[in-house]
Structure formats: C-alpha cells, structure tokens
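Predicted, not measured: the structure shown is a model, and the values here were computed from it. Order of the sequence lines sets the chain letters (A, B, ...), proteins ahead of strands, with each chain counted from 1.
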Amino acid sequence: MSLLQITDLHAAVDEVEILKGISLTVNPGEVHAIMGPNGSGKSTLAQVLAGHPSYEVTGGSVTLDGEDLLEMEAEERAWAGVFLAFQYPVEIPGVTNAYFLRQAYNEIRKARGLDEIDPIDFIDLLEEKLKVVEWGPEIMERAVNFGFSGGEKKRNEILQMAVLEPKLAILDETDSGLDIDALRIVANGVNRLRRPDSATIVVTHYQRLLNFIVPDYVHVLAGGRIIRSGGKELALELEEKGYEWLTGPEAAVAS
Amino acid sequence: MSSSVEQLVNREYKYGFITDIEAESAPPGLSEETVRFISAKKQEPEWLLEWRLKAYRRWLEMTEPHWPNVTYTPVDYQAITYYSAPKTAKPLGSLDEVDPKLLETYEKLGIPLSEQKLLAGVAVDAIFDSVSVGTTFKETLAKAGVIFCSFGEAVREHPELVRKYLGSVVPANDNFFAALNSAVFSDGSFVFVPKGVQCPMELSTYFRINAANTGQFERTLIVAEEGASVSYLEGCTAPKRDENQLHAAVVELVALDDARIKYSTVQNWYAGDDEGKGGIYNFVTKRGKAAHRAKISWTQVETGSAITWKYPSVILQGDDSVGEFYSVAVTNGRQQADTGTKMIHLGRNSRSTIVSKGISAGQGQNSYRGLVQIMPNAEGSRNYTQCDSMLIGNRCGAHTFPYIDVRNSTSDVEHEASTSKIGEDQIFYCKARGLNTEHAISVIVNGFCKEVFRELPMEFAVEAQKLLGVSLEGSVG
Ligand SMILES: Nc1ncnc2c1ncn2[C@@H]1O[C@H](COP(=O)(O)OP(=O)(O)OP(=O)(O)O)[C@@H](O)[C@H]1O
Ligand SMILES: [Mg+2]
C-alpha cells in the first residue's frame, strides 16, 4: 500500500484557489522532490498536508496509510507520523528547545499508547540526535528558534525531525539560506533518517541539494498543478533549461 | 484568531461556589457609626478607633480617582456591607474548633487547614470575609521568634508593634481607597520577624470573599527587623455573583537595614461573566519601605477581578537598597487591569528592577503604569524596566504608561518594551509538532511569563502555571 496518496487535491486561501488538482503517490522508502517557480503552490501543498487551518481544502482526498488525513487536526497528523520542516520556522520565546521537544516527543508517544519518556532518558536521546546535526548540547537551553540565524533555524527543524522520527517528512526549502557545510549536515541528517518504511518529500529550488539527497522522483509544480514528473534527471534538465521550458506560453496553453 | 483559542482562555471559574453559613454583618452603608461598630466588634483600643475615625473624616473629603485606564459602573459606597463574619468563627480558638463548613470551604479551595493535612513548609492564615478563621503552624513560628497572626489578634496581643508600624508606609490619607480601608479595615495578616531571624517557612494568607454585597478591606502589615528575612504569599478567590464586589486592601511592608521581604500574590478573584456582569473590583494599595541594604521584592500573578487597580511600590529609602517588581497580569473576557509599580529612589546606589508581562485576551484591556523616580540624593541609582505585552485575538488591548523622573546625573534608567501577538502561526507550529491547541497556548504563554514565574516560590509557581491553564510539568526548574 502507498504511504501517502494525494488525489485531485484542490485548496484555497481567502477564496482564491491555489492548488488546482494535485495527485501524487508516495510509497514507503521513497524520496520525492518538488520543484517549481515561486508562488506555484509548493508551500501551500506542504501546509495543507500538515493541516494549517488557513487553507481550505475544496476538493480531492489525501490518505496516509489508508487513513483520511484531511479529517485530522494538525496535531493528530503529527501523531500519525507527518512532519513538516517549515520554510519559515516560528520563534517561541522563553520556551527552551529541550522542553519543547520533550513535550512534542511525549505527545506523540502518548498518542501511540506509550508512556512518557523519563526526562533523564530523554537527555540521552537528545545527545544521540544532536550528533545528526553536529550540534553541542548548549542549543537545547536556548528558546525555540529565538534569535537563531536563518540557517540555525533550518538545522533545528532537522533536529526535531531526528527526534520525532516521522513516517512522512516534508522539507519545505530546508536548503535555502544554508552555507555549504550546513547543507551537507542537513542532507546527511535526512539521509541518515531514511528508513524503508518512511518517506520524504523535499521541496527545493536547487538541484545541488538533490546531489546530496538523491530523489526517486522529481515533480514540477506550476500554477497549482504538477505539470511534469520524472526521475532525478528531470532536476538536471530544469537546472539547464529553467522553468520557462515547461511554463512558457505553449506549456501554459497545454496545461 | 480562531474562536477555539479564546474559548480555551475562557476557562470555567472553579472557585465560584458559595458557602452557606450564618454571618453576623453590619448594616449596609458607611458612617461614623459603621466605623465605631467595626472597632467595637473587634474590641479595639481607643487609639485605633481614633485612627480609623480620622481616616474616615479624611476619606469624606476625598474623591475617587479616575485616572486609571479603566471604566466601570460607579461604586455605591452606601450599598456595601463593611463587616461580615461567620457567626461560628472563633478567631481565638484552635483550628480544631473552626466550623467544619469553613474548613471544608478552604479544603475545596485547595488550602487544607486541619492538622493532618497541612501544606508542608507553608504556614497559612485563612481570612473569610472580614475575619481570620485560623492560622496554621503558629507554634513552630513562635519558636523561631516569628509572629504570624491575624491583624485583629496582633492588635490585641502586640499593640505596641501595630501602633509603631501601622500607617508608617501607607498613611491613612494616602489615597481614596487607602483612606477607606484605614477607616473600615476588618482583618488581615500581621507578620513580625525579629532582628537577624530568617523565617523558617513560607507564610501565606488566603483571602476568601463569601458574603454578598460585602466589601473586603483587609490590612496586611509585615515587618522584618534588621537582617531578618521572610517570604510571604497571598492567594484570593471569591464566589460567582452578579453584582460587583469591592476589595480595597492595604499592604505595608517594612524592611529595616539588611532585611529582605519577598511578597508574592496569586490573585484569582472572580472576574465576572462574559458580558462583564459581576466580578471583583480590586483596588489595592501595596507599598514597602526599604532601609539601608534592604531588599523588597513584589511578585504578582493577577488573573482574576473585573477591574484591577494596583501598583505595588517600593520606597528605596536606604543606601544600596533594592526594589523589585515582577508581574504577570492577564485580562480576558471584559476584564480590565491598570497595574504596575512605583519605584521611588531616595537612597544612594539604590537599584530597582521591573519586569511586567501583560496578557490580553477576549476583550480584555491591560495597562501597565509605572513610575520610576530618582531623587536628587539618590546618586548612582539604577533602574531596569522591561515591559512586555502579549495579545491573544483581535479584540483586546494593551497599553503602557511609563513615567520616568530622574533628578540627578549619576543615575541610570533603562526601559524596554515590546508587544507581541500570539499568532496562529505559533500555535500551528506547536500543533504540527504534536501539541494540541490548549497545550500550545500554555507553552507559549508560559514561555512569555518565564522571567516572572521563576521568581515565585516553587510551590506557587506551579499553582500560577495551572492558573494560566498551563500543565503542571513545566518550565519551572
Ligand atoms: N495565507 C495566504 N494568503 C494569501 N495568499 C497566499 C497565502 N498563502 C499563499 N498564498 C498565495 O498562494 C500562492 C502560492 O504560495 P506558496 O507559498 O505555496 O508558493 P511556493 O511555491 O511555496 O513559493 P516559493 O517558492 O516562493 O516558496 C502565492 O501566490 C501566494 O501569494
Ligand atoms: Mg514556499
């Protein structure tokens, strides 16, 4: 069975339709890259999958492991194993990273009928996961994303992902704004977390990330639709020819 | 903002029940007769009656202040009952003799008074309407030389101390509400910590308004002699009633040389209903006087009351004295709060810190009003003020009125202010990590208040977090 099944998904914000019929099948173990011009709806798709209340689903269906995802509250989706690495991670002053992550970790455990983790055991777990993003423990005492640089915020998202071990990770431009070392760290993190039973959707503008995280499929989103899907070579082709190649006047008529 | 967020902040008021108990009351209205009635009821000495009457006469000449940024239906001072005491209260008896109904009331409020269930490490004075129903751990404290009793008892047992310090920080004619309190105050707590003594436990007073149409006018006096230290906490609740009730308290703190007083408040008076009907008018005067190297610290978590009007202040009289004010004020529904502090620097190298966190939700209006005054002789003094407001939803308001008056050139005043909005995006971020909306708000609000909560005694920090709808396990520690 597919892990994620999106069928003819339509979504609107403030009555303006942004997603205009998206279909996508993601199987366990796969990595899908989504590319496309600015404003094409990539983040919208990511937010709709994560359950942001500002977006209204106006048609279609989404299932995760056969369960209706659209029926679930955002937190229920997290419990079910959906994780969105935000394009713009949010700051929460006064709440330490350690505390926040422990809350998240425990909520997900509770939803799965497990006991809360012992705070001491959690520290050990964190220590392990910090290695994934090559960070020392100091970061855990800082407030969530508060005063973090753009790159640090992205790295923090990967840390959260490492701790929460999602079934479906959606990375929304996690590579944007990263220096070359951070890019390698983030990509390594994602690769280390790949499991045969989980899948990743990577939203990116840059082919270079896909050298590190090699996708099984590449999809091009434009004007709220997937206008082309292919293998990893599609990303190279896009790099060479630009989106014009697909979204030019003829392409627009065709779609 | 989604309405679910607002509903969550609109928690049900848990303490709104009424205790059905026979009370002895003064007839409503205020006159010299009322003042004499109260004084006679309490078998007070002549000097205290005279003190009250003087205050009453001054009060007659004063007018209610209208400068706070709040609006409310005028108080009819002749409709209020100024004295109400449960008939069965035995202010002098042991706690075992207290009416079971009263013990039950406090138990329901989470304040067990019976011997077997006492809160470990915390001595409690329980005030019900106009009288104290009992004080716990008196013997333990007495061994350390600490006096902790109801105000009425202090007048009887330690008149010389009361006479020496009463009105020494907040004079009877200080302001309209303080004058009113001075005329009709009924009970309250008295604390005296002698020279060099560190009070061995937390002291706490729990105020409960029960009777209808009754005002509560308590008076608290805390004296820490040279080098003494004490930490004191007050908690307050009242039943749900449709009419507004007046609470006009006066708190005086006296910290002699090298003394330390930490005064914490967790205020949860009934706030009125969604339409703004009912609730407590909380018009309170709180002030401390710090001598050389003394330190006075106010920490308040204000979540209740329909109207709050209070400015716990410190007169930094001595050299190197320290004043602190840490405040969380929440206004929700139709609540209005105008609160802040005054730091009056008189001594050299005196220091003050103000951290104010205002949270407005629903149609709540939250004003911070603070005065930092550094007098010419207070050379080398410093103040740091941080004033943050958080808005939840679109219909509430936050306002700040900082007044700064520095009269010498060697002092330093620093003021920071911020306003933030608890956004859908913050909540969604938490939800996307598996926290439900309620949990998300509590985590966010708790983070916002962190600098204040960590000033509260441990037991009460937990209480305060719960009050804000925050889970127990928390960012404390
Ligand atoms: N909350 C919103 N209110 C109004 N318009 C919105 C909102 N969210 C998205 N949009 C609009 O929807 C369109 C798609 O936006 P989206 O953020 O999904 O694009 P994107 O593909 O992620 O772009 P980028 O590559 O720049 O990140 C844009 O035109 C955007 O302005
Ligand atoms: Mg985007």
- How many angstroms lie between atom CZ of A/F100 and atom CD1 of B/I444, to the nearest 0.5 angstrom? 8.5 Å
- Message: Do B/F448 and A/V95 have side chains that approach each other closer than 4.5 Å (heavy atoms only, starting at C-beta)?
- Response: no
- Message: Return the NZ to CZ distance between B/K431 and A/R77, rounded to the nearest 0.5 Å.
- Response: 10.0 Å
- In this structure, OH of A/Y99 is separated from CG of B/N446 (nearest 0.5 Å) by 6.0 Å
- May I ask you to check whether over 12 heavy atoms, not counting those of B/R382, lie within 6.0 Å of atom CZ? no
- Take atom CD in B/E451; do more than 12 heavy atoms of anything else shown fall under 6.0 Å from it? yes
- Item | Which portion of A/L164 sits near chain B, non-hydrogen atoms under 4.5 angstrom | side chain
- Query: Quick one: are B/Y429 and A/V144 in side-chain contact, heavy atoms under 4.5 Å?
  - Reply: yes
- Query: CD1 of A/I92 to CD1 of B/I427: how many Å apart, nearest 0.5 Å?
  - Reply: 10.0 Å
- Note on the structure: Okay, A/A85 and chain B: the region with an atom under 4.5 Å from a heavy atom over there is backbone
- Item | Residues, nucleotides or ligands: over 12 heavy atoms within 6.0 Å of B/R260 CZ | no
- Which bit of A/P166 comes within less than 4.5 Å of chain B, counting heavy atoms only: side chain, backbone, both or neither? neither
- What residue in A/K110, A/E91, A/E73, A/E157 has the most heavy-atom pairs under 4.5 Å with chain B? A/E157
- Note: B/R433 and A/A78 closest approach over all heavy atoms is C-CB, 4.0 Å
- Heavy-atom distance under 4.5 Å to chain B: side chain of A/E76, backbone, both or neither? neither
- Message: Between B/C430 and A/E107, is there a side-chain heavy-atom distance shorter than 4.5 Å?
- Response: no
- Task: Please check if atom NZ in A/K153 has more than 12 non-hydrogen atoms from other residues, nucleotides or ligands closer than 6.0 Å.
- Result: yes
- Task: Using a cut-off of 6.0 Å, state whether more than 12 heavy atoms not belonging to A/D68 lie near its atom CG.
- Result: yes
- Query: Got more than 12 heavy atoms from elsewhere within 6.0 Å of CZ, A/F122?
  - Reply: yes
- Note on the structure: Looking only at heavy atoms, the pair that brings B/F428 and A/A74 closest together is CE1-CB, 3.7 Å
- Message: If you apply the rule side-chain contact (heavy atoms from CB on, under 4.5 Å), what do you find for B/K450 with A/T96, and how did you get there?
- Response: CA-CA 11 Å; B/K450 188 171 207 163; A/T96 64; 3.7 Å; yes
